[in-house]
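As a basis for the values below, the full set of heavy atoms in this structure was taken, side chains included, without hydrogen atoms, waters or symmetry mates.
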Amino acid sequence: MAFPLPRGITPSEIAFLAEMELVSVVPRQRLEGLELLGGPIEPLVPPRRASLPLWLALLLKRQRRANIMPPPWLHPEPLKLILEVESHHEDYKNAFSPPPPLPGQPSVRDHGLESKARPQYTRDGERYLAAPPFLPQNVAQTNISSRDIPSLPFHWIEVANMLLDAASDDLVDPDQIRRLLKDLREVRMAKIRSGVDALDAAASGGGGVALTGVGAMEMGEERGFLAGVVDNLRKIGASKEQARREQLAEQRANGGYDEAQDDEDDDMEF
């Protein structure tokens, strides 16, 4: 008898999707261009950097044909700053640091503006909205403004683990990066698990749970916990409602039931 599949997407499937993230590489030798499903790849000419899907960049790295440039957030200093914001900043005590702005849009953190997705068009003229992993959120940047606070992309855990495993020699102080990523992951996981009050309100119809800035792997790992908490809270709420109805029915049977009081209770619930 086969075991039932876990609810939602599995961690291995999330990591597979993250391999489509674009990263910057510096080729060591000339390579011809390729025609991929995600679009054509230009010929690689050293020492000119190029943007490649993560899976192709890792393949060239293992063959010693290219070096991978780490994303702007995968350095010790940006990770320290993000950890400081997540741990001690009052505005993010129960929230997560905002994700990177969409291409061509202002930064939410710097300007206080709402970022909206900019539509893109295919070769056939069809309109679509790009989403991770088809956004350049992990491409190396040469000009980074001092006003820009680094943000974690949607696939930050997967990209960091793959680069640490296959291209640790291209990173600055990989051991310190591992420690900072571990601390940051623990802080963010604690925030997710501490939102039981918000889940209680969501289960009773009081609103949703704010998960802006949560990564794909974090969502996949905590999906079972969040779904289980919401289901249990709904069962508790249903049992309380059933107990209240039984109590009202008992009061009617004993002649001590007041219809005006019932109407008042219904109005309060509404």
Side-chain angles (χ1 to χ4, degrees), residues 9 11 14-24 51 54 57 68-103 105-112 114-115 117 130-141 144-165 167-168 170-174 176-195 209-223 226:
I9 190 170
I14 297 175
F16 176 77
L17 295 177
E19 292 181 353
M20 291 299 297
E21 288 279 352
L22 291 177
V23 295
S24 299
S51 297
L54 180 58
I68 300 177
M69 301 183 64
W73 56 270
L74 196 58
H75 293 269
E77 292 303 324
L79 289 176
K80 288 180 182 178
L81 182 56
I82 297 174
L83 181 59
E84 179 71 19
V85 170
E86 292 273 1
S87 303
H88 305 292
H89 201 286
E90 191 65 26
D91 295 340
Y92 302 105
K93 185 177 181 181
N94 297 318
F96 303 91
S97 57
L102 297 177
Q105 298 299 325
S107 173
V108 178
R109 184 182 288 132
D110 290 343
H111 305 284
E114 183 180 358
S115 180
F134 304 103
L135 290 177
Q137 297 181 343
N138 294 285
V139 177
Q141 302 176 5
I144 301 177
S145 174
S146 59
R147 296 178 52 193
D148 294 334
I149 300 177
S151 303
L152 294 176
F154 189 57
H155 290 285
W156 67 277
I157 295 178
E158 307 90 287
V159 173
N161 289 336
M162 292 181 190
L163 292 182
L164 285 171
D165 291 341
S168 60
D170 291 336
L171 304 181
V172 179
D173 198 350
Q176 186 179 9
I177 289 178
R178 287 188 178 92
R179 292 192 296 268
L180 291 172
L181 289 174
K182 180 181 178 181
D183 295 340
L184 184 59
R185 193 171 183 183
E186 291 176 354
V187 170
R188 292 168 65 90
M189 284 297 187
K191 288 183 181 181
I192 296 178
R193 291 182 176 270
S194 63
V209 181
L211 295 177
T212 303
V214 178
M217 188 63 71
E218 294 172 306
M219 187 71 68
E221 291 177 347
E222 295 297 323
R223 184 188 301 271
L226 297 176

**Q** Residues two or more places apart in sequence or in another chain: which of them pass salt bridge (Lys or Arg N to Asp or Glu O under 4.0 Å) with R178?
**A**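 Applying salt bridge (Lys or Arg N to Asp or Glu O under 4.0 Å) to R178 gives D175.
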**Q** For residues L184 and L152, determine if any side-chain heavy atom of one lies less than 4.5 Å from a side-chain heavy atom of the other.
**A**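 In contact.
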**Q** Quick one: side chains of residues 79-87, donor-acceptor pairs under 3.5 Å with protein atoms, not counting sequence neighbours, listed by atom name and distance.
**A**
unit_1	atom_1	unit_2	atom_2	d
E86	OE1	K191	NZ	2.7
E86	OE2	S97	N	3.1
E86	OE2	S97	OG	3.0
E86	OE2	R188	NH1	2.7
S87	OG	L83	O	2.8

**Q** What are the two closest heavy atoms between P100 and S151, and how far apart are they?
**A**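 Result for this residue pair: N-CB, 3.6 Å.
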**Q** Applying side-chain contact (heavy atoms from CB on, under 4.5 Å), can you list everything that pairs with P76, at least two apart in sequence or on another chain?
**A**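 Here the qualifying residues are V172, D173, Q176, I177, L180.
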**Q** Looking only at non-hydrogen atoms, find the nearest pair between S168 and P174 and report the distance.
**A**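 Taking S168 first and P174 second, the nearest heavy atoms are O-CG, 3.8 Å.
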**Q** Shortest non-hydrogen contact from S24 to A140?
**A**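 Smallest interatomic distance, heavy atoms only, reads OG-N, 3.0 Å.
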**Q** Sequence neighbours left out, cut at 3.5 Å: what donor-acceptor pairs do the side chains of residues 153-162 make with other protein atoms?
**A**
unit_1	atom_1	unit_2	atom_2	d
H155	ND1	E158	OE2	2.6
W156	NE1	E218	OE1	3.4
N161	ND2	I157	O	3.2

**Q** What's the spacing between I68 CD1 and L74 CG if we round to 0.5 Å?
**A**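 The CG atom of L74 is 11.0 Å from CD1 of I68, to the nearest 0.5 Å.
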**Q** Restricting to non-hydrogen atoms, name the atom on A57 and the atom on V23 that form the minimum distance, rounded to 0.1 Å.
**A**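 In this case the closest contact between A57 and V23 is CB-CG2, 3.6 Å.
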**Q** Using side chain to side chain contact (heavy atoms under 4.5 Å, CB included) as the criterion, point out the one residue from E186, R185, R179 that pairs with K182.
**A**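 In the set E186, R185, R179, the residue that makes a side chain to side chain contact (heavy atoms under 4.5 Å, CB included) with K182 is E186.
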